[in-house]
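First the proteins, then the strands, lettered A, B, ... as listed; each starts at 1. No experiment lies behind these values; they were computed from the predicted model shown.
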Protein chains: 2
Amino acid sequence: MATLDDIAKMAGVSPTTVSRVINNYGSLSEKTKTKVFAAMKELNYQPNSLARSLKGKKTQLIGIILPGVSNPFFGQMVQEIEDQLFKKGFRIILCNAGNDANKERAYLRMLMANRVDGIIAGAHNLNIEEYQKVGLPIISFDRYLSETIPIVSSDNYHGGQLAAQSLLAAGSKNLQIITGANRPNSPTNNRLVGFKEVLDQQSLDFKLLEIPFSSSPNIKGLKIRELLLKKTIDGIFCTDDLTALLVMQQARELGIRIPEDLKLIGYDGTDFIQNYHPELTTIKQPIVDIVTMMIDLLLRRIDDSECELESTYTLPVKLITGVTTI
Amino acid sequence: MATLDDIAKMAGVSPTTVSRVINNYGSLSEKTKTKVFAAMKELNYQPNSLARSLKGKKTQLIGIILPGVSNPFFGQMVQEIEDQLFKKGFRIILCNAGNDANKERAYLRMLMANRVDGIIAGAHNLNIEEYQKVGLPIISFDRYLSETIPIVSSDNYHGGQLAAQSLLAAGSKNLQIITGANRPNSPTNNRLVGFKEVLDQQSLDFKLLEIPFSSSPNIKGLKIRELLLKKTIDGIFCTDDLTALLVMQQARELGIRIPEDLKLIGYDGTDFIQNYHPELTTIKQPIVDIVTMMIDLLLRRIDDSECELESTYTLPVKLITGVTTI
DNA sequence: TTGAAAGCGCTAACAA
DNA sequence: TTGTTAGCGCTTTCAA
């Protein structure tokens with residue numbers, strides 16, 4: 001692969017001059033530029049960004065650490081992140097951490113080794129201390145990581161409230177919430193808190209079913225089936241849409257009609273759900289705004305590592321009404 | 001951020017020695033190793049992989065160019081690619097090319113600039129020539145790019161055959177295929193070819209509806225609705241599962257019963273569909289095998305750029321029978 | 001078992 | 001307007 005020196009020789013100028021042409025820097029004669037451009041084209045030259053970055057420049061690389069991109073929610077989020085960062089001249093290194101703390105740890109070290117300019121983190125496996133000592137600009141999605149790492153999330157609390165209100169308004173009396181197993185320091189727990197609060201105010205009770213995030217859909221389906229078989233509830237809030245899909249599936253199989261016998265509301269409201277399951281009432285997270293916010297904050301930190309940021313940024317959710325809560 | 005020299009000074013040895021410790025190379029006394037490790041830990045040292053790569057080594061970076069990761073099929077594929085490459089010590093730079101040729105071109109240049117070790121490409125925007133001159137190991141998914149770039153794909157032809165056979169076996173007489181607009185040089189066109197061939201053999205006719213890949217689900221839904229309103233067909237093959245979901249949705253709204261009034265079969269068979277829409281009969285692409293194959297080929301090319309590879313690798317599909325073709 | 005020195009491809013003073 | 005030179009952080013001969 002051709003180097004800057006090759007171009008210099010071919011064009012009969014010094015390496016510095018070539019560098020100047022590439023970076024459009026300093027004063028250059030038209031003649032020189034033309035010669036250099038010709039040589040660059042001739043050799044299909046691409047400046048080596050490794051060398052460039054080694055010389056103290058930024059790498060224009062951002063690390064994205066998330067549970068995994070096969071989940072439509074994170075799929076859409078990554079796509080949005082990629083889209084926005086591309087326009088600003090950044091590339092992304094994708095790190096699916098799954099439920100694997102060791103993998104997340106390895107990725108963190110690797111991102112440091114690759115000298116990424118910053119990190120967007122939304123996985124939930126590592127202890128806070130491990131993020132403290134990374135020493136790189138980090139923005140967190142929906143997870144408390146440390147005093148100095150800003151969290152961006154949707155208004156989980158209000159989302160929980162909206163869910164409870166919707167079910168009640170639809171006439172449900174015996175409510176159930178199905179949520180992932182409680183995670184320490186996760187703002188997503190507030191979905192439950194908000195939900196509970198609305199019911200508490202009306203002195204109403206509700207059932208809680210926790211299913212670990214890492215459970216397979218089959219396992220989840222079984223637990224839901226068990227629950228539905230009891231036929232004691234008439235309104236369910238699932239803290240993610242995929243679980244709501246499983247509820248619909250099991251209900252269908254058991255002959256439980258939605259919304260006649262059972263009201264249902266989900267959480268996330270991805271494009272996917274809106275396009276392919278518009279029947280589902282759900283709380284929509286503002287993915288675009290979340291991403292815009294995260295990137296804005298991250299770039300500010302990259303520009304100025306000292307810059308003061310809030311510790312929490314909460315963006316409003318929106319109720320999308322389908323036919324499952326009519 | 002600490003450098004190798006810092007470690008050397010702190011441990012009271014030469015940079016060379018530190019390098020030897022890091023790479024576990026040459027003969028070293030236990031005492032030296034201990035000192036160096038201590039210093040590394042003390043300063044939370046991470047070797048700069050930019051510098052390392054600049055010195056002629058590989059970057060351990062692979063570029064992934066795909067239409068976009070918000071589609072569950074590509075989401076799952078990327079996740080699988082990431083998973084397998086991680087285990088082999090590679091990281092991925094994710095490039096969502098969408099339908100944007102300029103973006104794909106920019107990414108291609110950028111991957112060259114970043115000196116990735118290789119590329120997996122599955123987007124469909126660029127001319128073949130642009131891929132020719134990249135001069136990096138490339139493996140293609142489901143797309144002809146050039147003589148020297150191997151293509152890995154599922155057996156689209158046989159998938160098309162299976163689809164036709166299933167619909168016929170289920171008793172459909174008036175068949176329809178709904179597919180993305182024909183793309184030049186795409187093996188996916190063979191889904192149509194295989195479908196057609198089965199019908200031709202039985203001297204049966206069928207209708208063809210092409211909807212551009214880039215159309216929004218709403219647009220697609222409308223065209224499908226139009227089609228269903230005619231009530232002239234009783235069996236549909238969608239060349240992707242998401243479109244099949246739209247058919248189900250429109251049919252429901254129009255009171256057309258599946259499978260009683262209309263048989264339906266999709267294509268892709270992602271985990272997502274299998275978990276959340278097991279009712280849909282579909283042709284399953286062997287994503288894991290496809291990825292394993294692509295990575296195996298890519299790594300061989302990376303190890304030895306001269307190595308001879310076949311131009312096409314076709315992996316078997318599988319019929320997943322749901323209730324939409326009963 | 002260890003170290004000195006050169007160089008990967010580029011940028012950025014400083015000179016001319 | 002252009003060139004010389006040093007150096008980014010690492011690896012790798014070659015010597016000791």
Side-chain angles (χ1 to χ4, degrees), chain A residues 1-40 43-61 109-117 135-136, chain B residues 1-40 43-61 109-117 135-136:
Chain A
M1 201 159 256
T3 74
L4 183 141
D5 272 33
D6 298 333
I7 306 296
K9 272 178 201 122
M10 177 167 236
V13 298
S14 78
T16 315
T17 301
V18 177
S19 176
R20 286 198 182 103
V21 173
I22 292 168
N23 298 294
N24 194 23
Y25 177 85
S27 41
L28 297 160
S29 73
E30 276 309 317
K31 209 188 291 179
T32 313
K33 278 196 208 172
T34 316
K35 275 191 301 185
V36 173
F37 279 131
M40 284 170 57
L43 299 178
N44 194 26
Y45 170 72
Q46 277 305 326
N48 184 332
S49 48
L50 300 173
R52 229 195 270 221
S53 303
L54 184 57
K55 202 41 209 172
K57 295 221 172 175
K58 301 287 178 198
T59 54
Q60 302 294 111
L61 245 26
R109 298 191 73 79
M110 181 239 102
L111 291 176
M112 291 173 70
N114 274 84
R115 299 302 189 264
V116 296
D117 293 340
L136 243 39
Chain B
M1 202 160 252
T3 74
L4 185 140
D5 271 33
D6 298 333
I7 307 295
K9 269 174 204 129
M10 176 168 236
V13 298
S14 76
T16 316
T17 302
V18 177
S19 176
R20 286 199 181 101
V21 173
I22 291 169
N23 298 294
N24 195 22
Y25 176 86
S27 41
L28 297 160
S29 74
E30 277 309 317
K31 211 189 291 178
T32 313
K33 277 196 210 172
T34 317
K35 276 190 301 186
V36 172
F37 280 131
M40 282 171 57
L43 299 178
N44 194 26
Y45 171 71
Q46 278 304 325
N48 184 332
S49 50
L50 299 173
R52 232 196 268 222
S53 303
L54 184 56
K55 224 6 230 183
K57 295 219 171 177
K58 300 287 177 199
T59 54
Q60 303 294 111
L61 245 25
R109 298 191 74 79
M110 181 238 101
L111 291 176
M112 292 173 71
N114 274 84
R115 299 302 191 260
V116 297
D117 293 339
L136 242 39

- Task: If a protein heavy atom is under 4.0 Å from the base, mark B; if only from the sugar-phosphate, S; if neither, -; do that for nucleotides 6-13 of chain D going 5' to 3'.
- Result: -BBBBBB-
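Across A:M40 and A:I22, no two heavy atoms sit closer than the pair SD-CG1, 4.2 Å. Taking all atoms of both residues into account, the shortest heavy-atom contact from B:N23 to B:R52 is OD1-NH1, 3.3 Å. Heavy-atom minimum distance, A:T59 versus A:R115: OG1-O, 2.8 Å. Nearest heavy atom pair, residue B:A8 against residue B:P15, reads CB-N, 3.7 Å.
The main-chain N or O of B:L50 is found under 3.5 Å from a side-chain atom of B:N48 such that the two form a donor-acceptor pair. One N or O on the side chain of B:D6 and one on the backbone of B:T3 form a donor-acceptor pair closer than 3.5 Å. Within the 3.5 Å criterion, the main-chain N or O of B:Q60 finds a donor-acceptor partner in the side chain of B:D117.
Nucleic acid contact for B:S29: sugar-phosphate only, since backbone atoms but no base atoms lie under 4.0 Å from a heavy atom of the residue.
Rounded to 10 degrees, the angle between the two end axes of the helix from C:dT1-D:dA16 to C:dA16-D:dT1 is 40°, with five pairs used at each end.
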- Show the numbers, then the answer: is there a side-chain hydrogen bond (donor to acceptor under 3.5 Å, both in side chains) between A:T16 and A:S19? CA-CA 5 Å; A:T16 315; A:S19 176; over 6 Å; no
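Atom CD in B:E30 sits about 10 Å away from atom P in C:dT1, given to the nearest Å. To the nearest angstrom, P of C:dG9 lies 15 Å from CE of B:M112. As a whole-Å value, the separation of B:N24 CG from C:dT2 C1' is 16 Å.
For C:dT2, one of the phosphate oxygens OP1 or OP2 lies less than 4.0 angstrom from a side-chain nitrogen or oxygen of B:T32. Residue B:T17 places at least one side-chain N or O under 4.0 Å from the OP1 or OP2 atom of C:dG3.
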